[in-house]
Number of protein chains: 4
Amino acid sequence: MNADTGLLSLVWAGSGVDAMLADEAWVAAMLDVEVALARTQARLGVLPADAVEPIAAAAASVRVDVAGLAVRARGSANPVVELVRELTAAVDGDAAAYVHLGSTSQDILDTAAMLLTARALRATDAALSTVADGLAGLVAEYRHTTMAARTLTQHAVPTTFGLKAAGWLHGVLDAADRLRHTLDTLPVQVGGAAGTLAAYVEYAGRVDGHAAALTEGIAAELGLRPGPPWHTRRTPLVDVGWVVVAVTGALGKLALDVLGATRTEVGEVVEPSGGISSAMPQKQNPALATMIMSAARQAPAYAQLLAQSMLAEDERSPGGWQSEWQPLRDALRLACGAATTAVQLVDGMRVVPERLAANLALSGGTIVAERLTVALTPVLGKAAAKKLLARIATADGGTFEHRLRAAPELASLDDATLTDLLNPANYLGAADELIDQALARHRATPAPRAPH
Amino acid sequence: MNADTGLLSLVWAGSGVDAMLADEAWVAAMLDVEVALARTQARLGVLPADAVEPIAAAAASVRVDVAGLAVRARGSANPVVELVRELTAAVDGDAAAYVHLGSTSQDILDTAAMLLTARALRATDAALSTVADGLAGLVAEYRHTTMAARTLTQHAVPTTFGLKAAGWLHGVLDAADRLRHTLDTLPVQVGGAAGTLAAYVEYAGRVDGHAAALTEGIAAELGLRPGPPWHTRRTPLVDVGWVVVAVTGALGKLALDVLGATRTEVGEVVEPSGGISSAMPQKQNPALATMIMSAARQAPAYAQLLAQSMLAEDERSPGGWQSEWQPLRDALRLACGAATTAVQLVDGMRVVPERLAANLALSGGTIVAERLTVALTPVLGKAAAKKLLARIATADGGTFEHRLRAAPELASLDDATLTDLLNPANYLGAADELIDQALARHRATPAPRAPH
Amino acid sequence: MNADTGLLSLVWAGSGVDAMLADEAWVAAMLDVEVALARTQARLGVLPADAVEPIAAAAASVRVDVAGLAVRARGSANPVVELVRELTAAVDGDAAAYVHLGSTSQDILDTAAMLLTARALRATDAALSTVADGLAGLVAEYRHTTMAARTLTQHAVPTTFGLKAAGWLHGVLDAADRLRHTLDTLPVQVGGAAGTLAAYVEYAGRVDGHAAALTEGIAAELGLRPGPPWHTRRTPLVDVGWVVVAVTGALGKLALDVLGATRTEVGEVVEPSGGISSAMPQKQNPALATMIMSAARQAPAYAQLLAQSMLAEDERSPGGWQSEWQPLRDALRLACGAATTAVQLVDGMRVVPERLAANLALSGGTIVAERLTVALTPVLGKAAAKKLLARIATADGGTFEHRLRAAPELASLDDATLTDLLNPANYLGAADELIDQALARHRATPAPRAPH
Amino acid sequence: MNADTGLLSLVWAGSGVDAMLADEAWVAAMLDVEVALARTQARLGVLPADAVEPIAAAAASVRVDVAGLAVRARGSANPVVELVRELTAAVDGDAAAYVHLGSTSQDILDTAAMLLTARALRATDAALSTVADGLAGLVAEYRHTTMAARTLTQHAVPTTFGLKAAGWLHGVLDAADRLRHTLDTLPVQVGGAAGTLAAYVEYAGRVDGHAAALTEGIAAELGLRPGPPWHTRRTPLVDVGWVVVAVTGALGKLALDVLGATRTEVGEVVEPSGGISSAMPQKQNPALATMIMSAARQAPAYAQLLAQSMLAEDERSPGGWQSEWQPLRDALRLACGAATTAVQLVDGMRVVPERLAANLALSGGTIVAERLTVALTPVLGKAAAKKLLARIATADGGTFEHRLRAAPELASLDDATLTDLLNPANYLGAADELIDQALARHRATPAPRAPH
């Protein structure tokens with residue numbers, strides 16, 4: 001049975017994050033944690049140095065029937081008990097006695113979850129970085145390409161495609177900032193049965209400072225951060241949810257604008273390769289933006305589930321803990337899938353300058369009515385100017401320009417001035433300054449670190 | 001790769017709903033819909049009668065690489081286009097030309113989704129029915145077993161375990177009512193490219209009434225309801241979300257109470273087989289209630305995602321539609337898994353009458369303070385009676401009963417009356433009447449229908 | 001302090017639902033429940049008949065400082081204790097002893113909540129009914145007005161504006177069906193301190209059948225349904241959430257399509273009176289659709305909160321119960337506000353047939369490419385036909401029609417046939433049949449009942 | 001009409017955050033922004049210096065009918081247009097022409113929203129700081145008070161009340177960290193009609209660098225951060241949601257544990273003043289924890305709504321923007337209300353050491369079974385030791401200690417050793433080390449900054 005290959009969540013199908021977070025990957029990560037624990041305990045003298053390799057060898061070679069493990073895991077409401085049993089059985093000789101020494105299920109599963117989270121966030125970061133580079137390219141390329149800005153669905157004032165892309169770029173950089181902030185804090189979980197590390201300490205002969213030594217040792221092995229136990233202090237999951245909504249939200253904003261721009265009537269952007277239709281031969285569907293949008297619409301609900309994890313009873317929650325795992329995976333899959341899909345979208349999307357220009361002209365010049373108000377304010381006062389422009393803009397008969405030139409109130413403006421005022425390219429405000437600012441921010445953003 | 005066997009969502013691992021809703025099952029259901037379409041079109045004379053069997057044979061025998069299909073499906077942002085290609089290639093001879101005739105991806109996928117929903121809801125209904133039977137047994141068995149009712153964590157007044165179980169039973173019957181209401185309305189999707197059925201009608205030679213004939217025919221083939229196209233009118237998904245929260249909520253309430261009752265200090269209920277711990281040999285964890293709780297904590301977020309589906313643009317939503325599939329599956333898995341897990345819980349849970357009695361006695365009689373207020377109201381007035389009881393209940397020194405007997409205000413009550421008033425079993429209000437009502441409702445609820 | 005007049009949720013500002021669900025209205029509804037309780041108890045002989053009028057008079061005249069009440073209510077984490085104190089103090093003479101007799105805070109607050117819910121749903125139902133009438137008018141008026149159907153943002157096949165409106169109409173009727181189903185089941189809450197009705201029964205002298213008599217009496221007084229206590233069985237809240245998402249979702253779909261249609265480039269629909277802009281004199285914003293959309297985006301989160309209520313501990317939940325009240329109010333305000341705003345939108349929106357026609361022509365005929373495939377299938381086979389049409393549709397040079405006429409594969413089609421095939425009005429499939437079906441459903445829907 | 005005084009959300013009633021975020025406060029904040037804009041523009045020479053005071057005076061004195069404003073605001077789907085009209089009318093003389101110069105509704109409303117957010121977060125920070133101090137006091141006071149740790153509802157191993165409080169403290173410090181991180185980044189919104197600042201720049205005579213100058217000026221006036229326009233890049237709202245769930249989650253965890261500890265059977269903690277019941281004279285309800293819990297259950301849904309804001313179309317979202325305001329207010333009210341309520345809870349809660357001790361003894365020593373396993377591992381091997389202990393722990397007859405002393409496998413342990421092993425106070429692992437770590441973190445956390 002292939003329960004979940006991405007068929008129902010195409011945004012991450014085949015992206016790499018599917019295998020990275022598959023059930024097998026969770027099993028492998030839990031085994032990694034068991035090995036890191038043994039290695040650290042050996043270094044601290046808690047177990048014999050020669051016990052490590054048999055444990056590591058067994059972890060590398062044990063063949064786990066994941067579906068069977070899942071069913072047996074129902075006995076304890078977590079998969080670690082049975083996995084430890086299988087690992088222990090696979091270890092040769094006396095070393096078996098040192099598997100999972102002093103540990104508890106939640107230490108293993110939570111640490112494995114953070115390990116997988118780190119991997120998925122790093123892959124997401126790398127994709128985001130490529131997306132940002134692509135967007136910075138669009139910003140520069142279309143810095144001077146004027147187009148209509150829309151507010152509440154209506155043409156508002158002119159802007160440039162470069163500035164629009166700069167907005168997307170800022171969003172992606174916001175997301176990358178938050179991702180990296182969180183990536184730096186993903187903690188190892190080392191608490192023992194109930195957060196006192198009692199059995200760990202007992203096996204270590206009750207030496208002082210063992211909590212710190214053990215926690216830092218395992219953290220270093222796995223590339224995570226040391227810290228106090230968080231069995232029922234689930235802030236790390238809240239943080240992951242925050243990152244996931246920032247990432248999918250920034251990319252969802254991009255996708256939403258692309259979808260708007262690809263509407264048949266708008267046509268300002270074309271996707272790299274139009275999606276195909278099962279019914280209509282002429283259709284070229286924006287399949288990439290569609291998939292990114294599907295991730296962005298779902299992610300906040302998963303982040304909410306992760307936030308709910310904070311309500312964890314006592315020293316381990318019955319049901320709270322178990323309700324985190326699937327939403328954590330799904331949240332990470334959506335973020336990473338959206339980012340890898342956005343790489344394809346930004347890489348291949350085609351901007352159609354002639355449609356940008358044609359649409360900008362659609363309103364017959366009313367798109368600069370605000371500017372005319374500014375120009376007429378010294379003459380008529382602001383309120384009267386705005387009222388006049390509203391009347392002329394929405395009147396019938398002739399073009400807006402004709403009606404303007406015919407208005408006695410505008411007689412003081414000479415032809416050249418009016419022509420200048422009506423040119424959308426002359427009413428771009430601080431677009432250039434804002435573009436410089438966005439590109440500077442992009443240049444100042446370091447490249448993603450290579451994986452641990 | 002086994003991406004999702006339930007390892008991260010143990011509540012449904014091995015329950016049957018895993019296979020029922022796996023990616024392969026979705027592929028199979030989509031093929032079922034294609035066959036139902038062909039069969040109906042043949043019956044209506046739209047395609048030759050002898051084209052049906054080759055299509056059905058191909059649907060039964062085609063081997064789909066689901067993971068590969070998922071990746072290729074990214075080209076159109078839905079899996080149907082590629083699946084139709086594979087099916088068509090597998091059909092022998094001229095019949096291939098009649099595959100998916102006049103159809104569109106959304107007709108196939110939505111109808112398949114409803115088919116799978118119907119199956120999962122029927123399985124859930126059957127499990128709920130068993131749960132209800134088990135709860136009715138508890139109601140009857142513990143009709144007269146008094147215990148403490150708690151409000152805001154504190155002992156409030158006496159109740160019976162039977163009445164408590166009657167509350168759970170009502171919840172499960174509420175859920176079953178809503179499930180069946182929805183099961184009766186799950187609609188087939190037959191709309192063609194954009195809800196006009198244009199190509200279907202064209203292939204049918206533009207006969208009158210073809211929409212109704214085709215829709216009713218396919219619905220009858222698949223055991224769903226006919227109705228107008230709902231490509232961007234997603235009420236059926238809202239309904240499924242409603243059912244899922246009613247089911248998981250009712251079972252979650254049961255689990256929440258079981259978890260409270262199994263606390264070491266309370267000990268009123270023991271789970272069938274205590275879950276095992278990886279660290280602590282003495283632990284007997286309430287693993288079943290824990291898993292049910294995990295479903296109940298998650299389900300509302302999935303229902304919310306299904307509700308968001310209503311915001312579907314135009315005649316097909318770019319991203320809205322794609323964001324439904326995974327949440328729909330997860331919602332159904334949680335509901336069905338919670339129900340099958342609850343069968344185990346109710347079947348095996350052990351009530352501990354001596355702990356119910358011991359806890360009821362804990363408060364030294366203050367649990368009937370409300371009753372004493374009622375009894376003293378004719379003498380002292382209600383407000384004074386309540387004030388007096390509050391003072392006696394929270395005073396120090398001796399037991400509540402001693403302090404009562406020493407209070408001059410109670411001198412008018414003879415010993416036998418006070419003894420009677422202090423007996424929790426005499427202050428059960430309408431418990432019996434309410435239990436009769438619950439059992440009558442259970443008896444009046446029909447058995448689940450056999451699957452189609 | 002006017003904490004919440006709708007300034008931050010304009011969709012319901014001034015709609016009537018603001019006053020209907022204001023804090024004062026909650027206080028008034030709780031007082032109504034106290035009076036209904038007293039009246040019923042008097043009829044059942046539990047309290048003297050002449051105690052009722054002083055209680056009713058006090059309830060009608062007591063001046064409650066709501067903000068002060070809220071602060072004092074923190075002492076018990078619910079507002080009823082203090083409100084009962086104020087009511088009791090306001091009752092003249094001996095009748096004060098009969099206020100809230102045998103009752104508990106949750107009986108009063110939950111019943112009041114259902115009373116307010118019933119009022120808000122009835123107002124919503126009335127508005128929905130007007131919306132449905134308006135939409136039915138649009139369906140009939142634009143039955144034959146062809147336009148482009150869009151899927152995944154692209155022109156797909158022709159449809160009619162009437163059929164589009166029929167889709168909206170079905171959505172609204174779906175919502176009304178669910179609203180009425182729920183309105184018929186809103187239950188009174190009569191359980192006493194912990195669901196046994198013990199004090200009620202005690203005051204009534206422990207007569208048989210008092211639970212039913214009391215519950216039915218209060219329900220009849222208030223126009224709600226009798227039933228067993230539901231202190232920690234919160235199905236009614238799940239049902240309200242279901243209704244609210246069905247209502248706001250159906251109206252949100254309408255608003256979403258209106259927003260798409262009012263885009264400057266599309267221009268197929270104009271709102272009754274364009275919203276004004278603080279900056280741009282020419283702007284005519286779709287303010288009504290914008291506000292409806294704001295409700296539709298929020299409502300699923302509130303429904304989720306209501307669904308979470310199911311996880312209610314013991315016989316009264318510490319925190320669960322308290323987390324229902326504000327979301328219940330907000331959910332109802334959004335639904336009712338969206339419905340009353342939709343009345344304005346549907347009443348005044350203007351369809352622009354010439355833009356519908358112009359947009360339909362935009363694709364130069366490729367919008368009927370599916371039909372041409374059907375027509376060519378007998379000649380070329382389905383796959384080859386689809387391939388050919390895709391090639392011609394996406395080729396450069398000349399119009400689609402020219403390229404078609406030049407294609408040797410189409411030589412067999414005479415000019416008249418091709419002209420007919422290219423006419424979008426000839427490719428509307430079952431639009432007429434589906435419109436008849438929608439209008440029939442609308443006619444068969446009864447008018448909303450008058451309020452109780 | 002007092003629509004919302006906190007009657008339905010007692011957690012913040014009377015806390016100060018009610019007035020801080022009331023509709024009037026939003027109006028006042030928007031007026032503050034208009035004044036800051038005028039002041040900055042005067043400083044930059046865009047408007048005459050003597051125009052500022054009349055505007056400021058009008059802003060200070062204008063009497064706004066908020067409810068009426070809300071209704072009129074429906075015309076533009078935002079409250080700014082009408083407010084600017086009222087402000088302008090209130091300005092004496094020529095200065096009226098300089099109100100809202102070059103600005104747009106979203107600049108005013110978004111900046112006001114950030115101003116209010118900053119205030120609410122600062123109040124929350126101050127309360128959190130007091131909570132943290134109180135918790136640090138509990139950590140120190142109960143450092144050596146042993147108690148039972150519970151996992152999945154069952155006694156697991158010993159811990160100390162001090163370490164439990166240290167977990168709460170870490171949670172609160174996590175929340176404060178995230179709050180301050182976000183507080184430092186709350187941005188001013190200065191974008192003009194569509195993010196180009198065009199009219200601002202035009203009024204400023206198109207000088208270079210005006211975007212930066214204006215943005216930095218307004219930011220400095222209001223104590224917010226300058227930055228590029230974020231009309232449809234809603235990361236700041238995602239950040240607020242993150243903070244709110246971290247705060248309410250950390251406090252909700254505290255409340256959840258307090259609720260568990262106050263159960264009648266547990267009795268380890270008593271709330272400062274027990275909440276009163278309308279029915280039961282003896283009840284002492286944990287009202288504060290109940291109210292905090294109500295906030296924690298709701299907050300994730302509001303954070304989700306804020307996260308959904310990221311899907312904002314074009315340069316201003318029709319409906320997205322409008323769906324942020326109410327959830328933003330409610331999210332902040334819940335966080336601040338939970339924090340101020342937690343101050344009361346932590347300040348007054350009473351720990352009951354004798355109940356901690358009695359409960360710890362409940363399990364007859366099996367709570368140290370893990371430790372015995374460790375002790376016996378050298379003798380019996382780990383697996384055999386665990387099996388043996390499980391058998392002895394769950395056997396019948398005598399106490400656990402008796403059965404241990406009778407077990408032949410334990411014959412090697414002398415009496416004193418066994419007595420030592422059975423003492424829970426000797427099996428606290430790294431509790432002391434972890435407590436030191438928590439207190440050190442608390443000491444290293446700076447005090448909240450005074451409000452701007």
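First the proteins, then the strands, lettered A, B, ... as listed; each starts at 1.
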Options [options], ranked by heavy-atom pairs under 4.5 Å with chain A, top entry:
options	answer
Thr159(D), Thr232(D), Leu305(D)	Thr232(D)
Arg234(D), Arg441(D), Gln437(D)	Gln437(D)
Gly171(D), Gly319(D), Ala438(D), Ala199(D)	Ala199(D)
Thr88(D), Val99(D), Val374(D), Leu306(D)	Val374(D)
Ala97(D), Ala375(D), Gly209(D)	Gly209(D)
Ala303(D), Gly260(D), Ala301(D)	Ala301(D)

Plane angle bin for His181(D) and Trp242(A) - parallel if under 30°, tilted between 30 and 60°, otherwise perpendicular: perpendicular

What's the shortest heavy-atom distance between [X] and [Y], and which atoms?
X	Y	value
Leu311(D)	Ala296(A)	CD2-CB, 3.8 Å
Val157(D)	Ala194(A)	CG2-CB, 3.6 Å
Thr153(D)	Pro318(A)	CG2-CG, 3.8 Å
Leu152(A)	Ser317(D)	CD1-O, 4.2 Å
Leu434(D)	Gly195(A)	CD1-O, 3.2 Å
Glu370(A)	Ala193(D)	OE2-CB, 3.6 Å

For the candidates [options], which exhibits the highest count of non-hydrogen atom pairs separated by less than 4.5 Å from chain D?
options	value
Ala307(A), Pro229(A), Ala211(A)	Ala211(A)
Val245(A), Leu256(A), Leu101(A)	Leu256(A)
Met293(A), Arg297(A), Arg371(A)	Arg371(A)
Pro228(A), Gly252(A), Ser309(A)	Pro228(A)

Toward chain D: residues of residues 376-384 of chain A with heavy atoms under 4.5 Å: Thr377(A), Lys382(A)

Ala175(A) portion near chain D, given a 4.5 angstrom heavy-atom threshold: neither

Which atoms of Asp239(A) approach chain D - backbone, side chain, both or neither, heavy atom under 4.5 Å: both

Heavy-atom side-chain contact between Thr104(A) and Thr151(D) under 4.5 Å: no

Keeping [X] on the side-chain end and [Y] on the backbone end, is there a donor-acceptor pair under 3.5 Å?
X	Y	result
Glu202(A)	Tyr427(D)	no
Glu315(A)	Ala149(D)	no
Gln308(D)	Pro300(A)	no

Side chain, backbone, both or neither: which part of [X] has a non-hydrogen atom closer than 4.5 Å to chain A?
X	value
His210(D)	backbone
Ala255(D)	neither
Asp94(D)	neither
Ala299(D)	neither
Arg150(D)	both

Set of side chain to side chain donor-acceptor pair (under 3.5 Å) partners for Thr235(D), sequence neighbours left out: Asp174(A)

Matching residue for Thr196(A) among Thr160(D), Leu428(D), Leu163(D) - test: side-chain contact (heavy atoms from CB on, under 4.5 Å): Leu163(D)

Within 6.0 angstrom of Asp208(A) CG, more than 12 heavy atoms from elsewhere: no

Gap between atom NZ of Lys164(A) and atom CG of Asp314(D) - 0.5 Å precision: 5.5 Å

Nearest-0.5 Å distance that lies between atom CD in Glu313(D) and atom NZ in Lys253(A): 7.5 Å

